[in-house]
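Some notes on the structure that comes next.
Values reported hereafter were calculated over all heavy atoms of this structure, with side chains retained and with hydrogens, waters and symmetry mates removed. Treat the numbers as computed from the prediction; the structure is a model and nothing was measured.
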Amino acid sequence: MNTLVSSIALWPVTWLNMAALLRSARLLKCSPAALLQVFGNSRHVPAAGRLYSEAVGTTRAGLCVQTVPGRLNVNSLSSYRSTLPCVSCRQYGVVPEQRGLVKDEPSVAVRSKQAQQFDWALAKLDSSVRRTGRVTKTLLLRIFHDICRTGYPSGNQALLLLRSCGSLLPEVPLAERIELSQQIWDKLQELGTTYDVSHYNALLKTYLQNEFRFSPTDFLTKMESANVQPNRVTYQRLIAAYCEVGDIEGASTILGFMKSKDLPITEAVFNSLVTGHARAGDMDSAEGILSVMKGAGIEPGPDTYLSLLNVYAEKGDIAKIKQTLETVENADILLMDRDLMQVVFSLTKASHQQHVPEIVEHMRHERGYVPDAMNLCLSLITHGHEETAFSVLKSFTGLLVESQTSDSPDLGNFFLRHCANMDKPVENIVGFCKDLKDSGLHSSPLQFTLQCALEAKKTGESMKEEGLPLRPHYFCPLFTHYQKDKNIPALRAMQELGVASDVDTFSIYILPSFPSVDSARTSLKEAGIDVDGNILIAAELRTEASRGNLAGLFSLMSSPALPNIDLSAFRASLISGFRGKCQIGSSLLFAENVAYFLYNLIDSLNETEVHSKEEQIREYFGLLKNMNISISLNIFRGIRNILESYQVPELVKDVLALVDKKGNGLEADATLLRGLEGKLSFLEKTLAELKAEGKPASSTLKKVITVLCAEEKLERALELKTQYETDMTPAAYATLINLCCRHDNAEEALKLKMELARKDSDAALDAQKYVALVRVLSKHGKLEEAIDMLKEMKEKDVQLRDSTIGLLTLTMNTAAMKGDANTIRRLQETIFTLGLAKPSSNLCSPLIACYLESENYAGAFDATVEVQKQYNQMPKIHDLICGLVEKGDAELLQKVMEFLSQERGEMMMLYDLYFAFLQTGRYKEARKIIETPGLRARPTRLQWFAEKCIAAQQMEPLENMVDMTVKLFECDRDDMYHYLLRLCKETNDWQKAEATWMKMQEENLAPRERTLRLLADILKNNDKEVPFEVPEVWFEEVKGQPEMFLEQEIKSSPMVQAAPRKRVAASPPKEATVDDYRLKLLSLCKKGKAQEANDILKEADSMGMVLSPAPYDTLIKTLLASGNIEDAMAVKNIATDHIPGFSLSDNANNLLIISQVKRCQMKDAMGTLKGMLQADQVPTQLAITRLVQGLASEGNSQDIQEAEALVKTLGSIKLSSMLFVNNTALAHIKNEDIDSAVELLESFYIQNTENQKSSISFVFRKVLDANNDAVLDKLSAMAERLCNHFASYRAATDLFLIYLDTGRTEEAKFLLQRCAAVNEQKDTMFTYMLRAAQQPGQAAKIKALSELIPDFTEKENIFSHLVKCYGLDKDFSSAKALYERMQAEGVKADELTLKRLALLYKEAGETVPFEEPPESFRFYADKLNKQRSESMEPANN
């Protein structure tokens, strides 16, 4: 054996003659794979990870997994490459020339689409592997065909597909897997994919996993002809191929070649040699490999022992297996359940299944056992060993029965489905079903198996023979299959099995296949199919209603032979038909349920339809009135709300005529119509009338005061209070007190509070109003009165929320700015002693801030010690240390450090000192601190300082922190660079971002997608070339939400990082309680660690623990935020099983909608929205917007209209007024129905003059981005027509500004010439300038606008906004030139502009040529806003 590894005669060779070298070795008896010649290389990085790790039920040759102690970060792989046998550097062949037909280089847009598709495919496959440990052939083929449709499949897409054709397909026979991999290889090569060594290695792995016999020499020849250089992984897998058939000579040849190239002989090679010697019949040499490994300094690991166990299993040597298992246990080596399942598979394949139960007994049922066992069962069934698979199934279904809460178990569905799909003998399947039912594992196994057979287009009569009922919906798959034959064969099959057709069957599948109901009757009669007349009539009613034949429907309903049918059976079809035809006449004049039908009808119409059919609807209302049909008050209110939102007040009066006023206790119509009048004037008029009549006016007075307070009219509100003081209620007083506090009127607020106390001593304000009162009183020196308010809160049990606690902090901060430590102490003592709030860092910080403000550091330290001892809080410690470092007070600093070390530990103290040195520019001292031996990365502390630097735009300390932490143990380097790039984006510093990119490459860092996207954004915004392929996303994250969920998904995704063999789970101890699991789960969710939290839940669930609803909902939201719909729904199912009535919260459903839209699951998203509304939940603006935009991208205008109708029932959601109009137009454009889009937009502006302020710039931008000139021409003509013929200028103005925004200045100029009225749309132009000035790089656009339309606003405004832009761009030279121009033209700059200019001058190191305004930016911004609002008030009045 030693000669095999160390004493082989080696000679210098190159990889080019490797194939020739191997030809002298004994070839394998096999047929080679037909590989086509390929050229070139690829820059796409392969997607590593769990997708390509081995699943249960496959051969293990070539598998390369090694456990590394500690955590292995994907970004630190390079440092482990010398020790990790499974990690190899990807090498690329250099192509001297391109031969043959090569496709054009894909465009940037296509590359973006590739990246988007890769992310989508990766997410789909990753999700499948997460849930089940496998991939279905259907999913893989779907992804394959979608990728092929682009015409330019990328290298990483090819890699993703090839690596999924092996053990991840346990339901697919080996021959089919090979055929599929070859199909993918050939097709992608035909489409122009360039293969590199990673693709050949992936193909090799697929061959090994699928037991495909091939010639390694031919394989190397193909690589040589393609000018692709093999690497270490290639040789390892070729050795595995030789060893699979026991060819030690061939393996020895490659071993010698690897030795000559100084390639390491890894554990994976030795594992293959164990298999090779055993299959060559030399078990002594196979066992001796372990000694050779130890001699070579490689300790045999779990994979080596597993290889040995497998060869013993192939021999059926159960004694040796037991002996090896005992050796492994004594050596403290962990073999997981998944490994033992490999042994079970090997035993079964070698016909030694009698030993399987003994192996199963050794399994510990650890986490992940069930999906692995399911995959083992599937593999065994695929290989024809369903009996063994059933015994394995029964071994783990017992675990599930323990946690089964339903009265109708259905365990083993996957097993029965696969047996049906694989055409296993019917008698075997029936036996399995009987056993499952007798064991109580499945309530209806035969019914389920029949359903599977029908779905697979296979039928049987076992259920009928067993006397079990057959349902019509079991035959739905057959109806889909026999649609071309009018579904008659499916009906005949139902009749033969004695299954009666129902209304759904006829209305959905049968009648729509025929031109008329009569023809359907005739055909069915000729086919000898008996039909229940009543069912056919009901189906006919539904069909006629959906077709819009309302006259025919009325005729049917008027027939004396019509059976008693509930309206709900065809109400949806009726509304659909009415909307389509809107026929008025003798139809639908039945009184029963008419009110509810009427509401549903109006609710289903959108605003455009109501306006276009207003006269017909009015005529219909009149017809109902003439027939003495009335509606309830609630129905009227619902219809009124809809019609008022559509701006059709005249129709409201017509509906009002249908209300039975006497029956509803109404005297007049005014009460119902008051919403149409001005609210305030109506209320004041009502108040005066009530006072004149001597009636109680308290309620009306409260409403008037509420409206006045909303409009901030304090004086008028106080006048009314004085005038109607006897009618003042506690609620009215509370509203007035709050208004006084907002106006900083302490005297009046206190006076009102005392009046309220005299009137009603038990009356209490809410927490926000009490705190506002405390703030204004303490601010004006009324400390005792403020403390009295706090005591009153305690007496009246007023609870503080987080927002009101924040106001208390603000109150004490105001005192801190004045240096009033006594006030702060009194307030803190009162708050904490009374228990109004628990001591927190925020509430305790004002006391320390009070001393720091006056630079009294000794007092600040004493206050810190005081706060720590009394309240166990240590706020403002960073500011204190920074102050001491800057002052150079070493003695006091030493005391602070000793105090910190004692209270918080040495490591936390070191971090505090490190951050202080960074903050104060003492970088040499900071480096000494961070290089302290044994110091580990603390991600939360590092993030805290990074966020502080980003908020303050401090580049230097942040950059130094990133550089210093390069060798810090367990420091996530991608996080560090992401912080740096975030600050680069904030400051628009593309040069620094570019330098950061170079540093990342020097560190050999593999950045995450979010980091690459951020860097690409910075470069693109500055018109710089992006030197890498950008991973694109088509949706935007929630505004203001950190990317922690996405980041965590990428960090922990099994697609990115292969899971080590032995994982130490961060789970609670074995004796943990339900509360321990709950807290751990919530903590992980808060950190965004969705998968780890899910594992904790599964562990708790397996132990029979039931949590409260909140942790389930939190985990579901965390999973959905990371896009993991499947796991989220699995958690929901767990919660539903344990908690009756459990349902997703509003936020969870909103995240579910966004995730479904992201995956293009639009039907599911619509269903989720409807479910939310039925459950009285409120969807967010973002969820609705994403849904509507997703529908538009698919061209689904019908569902957009349905979504609009659903959303309009909710008045509280502030959606863009143009969301539905714009996206409906885009849906028409997507369907190439440009005329409908133009008609929709044109009618929108023409039919209602109030729509003139609504913008369609979203449509123009989408069309321009798509470079769709044909659509743009028509939309441009429409805009000009609206402007010149209908005096509607908004569309043309939008197009002009979009031209300007996208740099098409010439087109904008021509549009101005054709539509001169655009020059007069100054408000819109000014708004555009305001928005543009909020973002960097927009100065050129504002200048272009001012050049094209010089007088759209005053010069002062233009210049001030240009200065703001230059400030964002750090463009001092342009700002200086602009200031000189302002001086020359006599333009006066406001104080805010001067403040911005002064900052630019100082940053450039130049003297400020004017007196800098002394106050802060915020002060002058508020002052300017106030001046503008005051100047606008006279115009508004």
Side-chain angles (χ1 to χ4, degrees), residues 1021 1023 1216-1219 1221-1223 1225-1226 1228-1229 1234 1237-1246 1248-1355 1357-1362 1364-1365:
N1021 289 340
D1023 299 324
S1216 166
S1217 59
M1218 294 300 292
L1219 175 66
V1221 176
N1222 284 338
N1223 283 283
L1226 288 173
H1228 288 315
I1229 292 170
I1234 305 173
V1238 170
E1239 181 183 352
L1240 171 68
L1241 296 175
E1242 196 165 30
S1243 62
F1244 175 78
Y1245 282 113
I1246 292 173
N1248 197 332
T1249 56
E1250 294 184 4
N1251 290 337
Q1252 301 310 313
K1253 293 184 179 181
S1254 300
S1255 170
I1256 58 171
S1257 57
F1258 182 71
V1259 178
F1260 287 131
R1261 184 175 291 278
K1262 286 290 185 182
V1263 171
L1264 281 171
D1265 289 346
N1267 293 319
N1268 196 331
D1269 293 335
V1271 176
L1272 183 61
D1273 289 343
K1274 290 196 174 185
L1275 291 178
S1276 177
M1278 176 203 73
E1280 293 178 28
R1281 188 164 57 249
L1282 286 170
C1283 181
N1284 297 324
H1285 295 258
F1286 297 97
S1288 178
Y1289 310 119
R1290 186 55 194 251
T1293 306
D1294 286 341
L1295 182 57
F1296 166 76
L1297 291 176
I1298 286 294
Y1299 279 148
L1300 202 65
D1301 200 59
T1302 54
R1304 296 172 169 85
T1305 310
E1306 290 301 316
E1307 288 90 336
K1309 189 182 298 182
F1310 292 146
L1311 181 62
L1312 278 181
Q1313 294 171 0
R1314 295 192 298 272
C1315 304
V1318 172
N1319 286 278
E1320 303 302 321
Q1321 311 310 306
K1322 297 182 179 181
D1323 288 345
T1324 308
M1325 305 297 175
F1326 186 76
T1327 303
Y1328 171 80
M1329 180 180 70
L1330 287 176
R1331 291 178 180 172
Q1334 305 299 319
Q1335 299 292 331
Q1338 305 295 308
K1341 297 175 184 178
I1342 296 177
K1343 288 178 66 177
L1345 176 60
S1346 64
E1347 290 169 1
L1348 290 175
I1349 309 177
D1351 60 343
F1352 77 92
T1353 187
E1354 293 81 2
K1355 279 188 177 181
N1357 284 333
I1358 297 174
F1359 289 159
S1360 66
H1361 285 84
L1362 280 174
K1364 184 177 181 180
C1365 289

*Yes or no on side chain to side chain contact (heavy atoms under 4.5 Å, CB included) for L1282 and Y1289, after CA distance, side-chain angles and deciding distance?*
CA-CA 7 Å; L1282 286 170; Y1289 310 119; over 6 Å; no

*For side chain to side chain contact (heavy atoms under 4.5 Å, CB included), just list the numbers for V1318 and M1325, CA-CA rounded to whole Å, side-chain angles, deciding distance to a tenth of an Å, and then say yes or no.*
CA-CA 9 Å; V1318 172; M1325 305 297 175; 3.6 Å; yes

*Does the side chain to side chain contact (heavy atoms under 4.5 Å, CB included) test come out yes or no for N1267 and L1272, once each step is laid out?*
CA-CA 8 Å; N1267 293 319; L1272 183 61; over 6 Å; no

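Put simply, the side chain of R1304 reaches to within 4.5 Å of the side chain of L1264, judged on heavy atoms. Side-chain contact check for L1297 versus S1257: every heavy-atom pair is 4.5 Å or farther apart. Side-chain contact between E1307 and F1296: absent, with no pair of heavy atoms (C-beta onward) separated by less than 4.5 Å. At a threshold of 4.5 Å between non-hydrogen side-chain atoms, the residues K1364 and Q1334 count as touching. Taking 4.5 Å as the limit, every side-chain heavy atom of Y1299 sits out of range of all side-chain heavy atoms of E1306. The shortest distance between side-chain heavy atoms of K1322 and I1349 does not fall below 4.5 Å. By the 4.5 Å heavy-atom criterion applied to side chains, L1330 and H1361 are counted as neighbours. With a 4.5 Å cut-off on side-chain heavy atoms, V1263 and L1275 count as touching.
Looking only at distances, a side-chain donor or acceptor of N1319 sits under 3.5 Å from a matching main-chain atom of A1316. Although no hydrogens or angles enter the test, the distance criterion places a donor-acceptor pair under 3.5 Å between the side chain of D1294 and the main chain of I1256. In this structure a side-chain-to-backbone donor-acceptor pair under 3.5 Å is present from Q1338 to P1336. At least one donor-acceptor pair closer than 3.5 Å links the side chain of Y1245 to the backbone N or O of S1254.
Heavy-atom contacts from other residues, nucleotides or ligands closer than 6.0 Å to CD of E1239 number 12 or fewer. The environment of K1341 atom NZ is dense: over 12 non-hydrogen atoms of other residues, nucleotides or ligands sit within 6.0 angstrom. Residue R1331 qualifies as open at atom CZ: its count of foreign heavy atoms under 6.0 Å is 12 or below.
A distance of 12.0 Å separates CD1 in I1342 from CZ in F1359, rounded to the nearest 0.5 Å. Annotation: the span from C1315 atom SG to F1310 atom CZ amounts to 13.5 Å, rounded to 0.5 Å. From H1228, atom NE2 reaches atom CG of L1240 across 5.5 Å, with rounding to the nearest 0.5 Å. Here S1288 contributes atom OG and R1281 contributes atom CZ; the two are 11.5 Å apart, rounded to the nearest 0.5 Å. Between L1226 atom CG and R1261 atom CZ the span is 13.0 Å, to the nearest 0.5 Å.
When all heavy atoms of E1242 and M1278 are compared, the pair lying nearest together is N-SD, 3.9 Å. When all heavy atoms are compared, the tightest approach of L1362 to A1339 is CD2-O, 3.7 Å. Between A1292 and C1283 the shortest heavy-atom distance is CB-CB, 4.1 Å. Annotation for A1291 and F1260: closest pair O-CE1, 3.3 Å, computed over non-hydrogen atoms. When all heavy atoms are compared, the tightest approach of L1300 to A1308 is N-CB, 4.5 Å. What you find for I1358 and M1329 is that their closest heavy atoms are CA-SD, 4.0 Å.
Tested against Y1328 for a side chain to side chain donor-acceptor pair (under 3.5 Å), the candidates D1301, T1293, D1323 yield a single pass: D1301.
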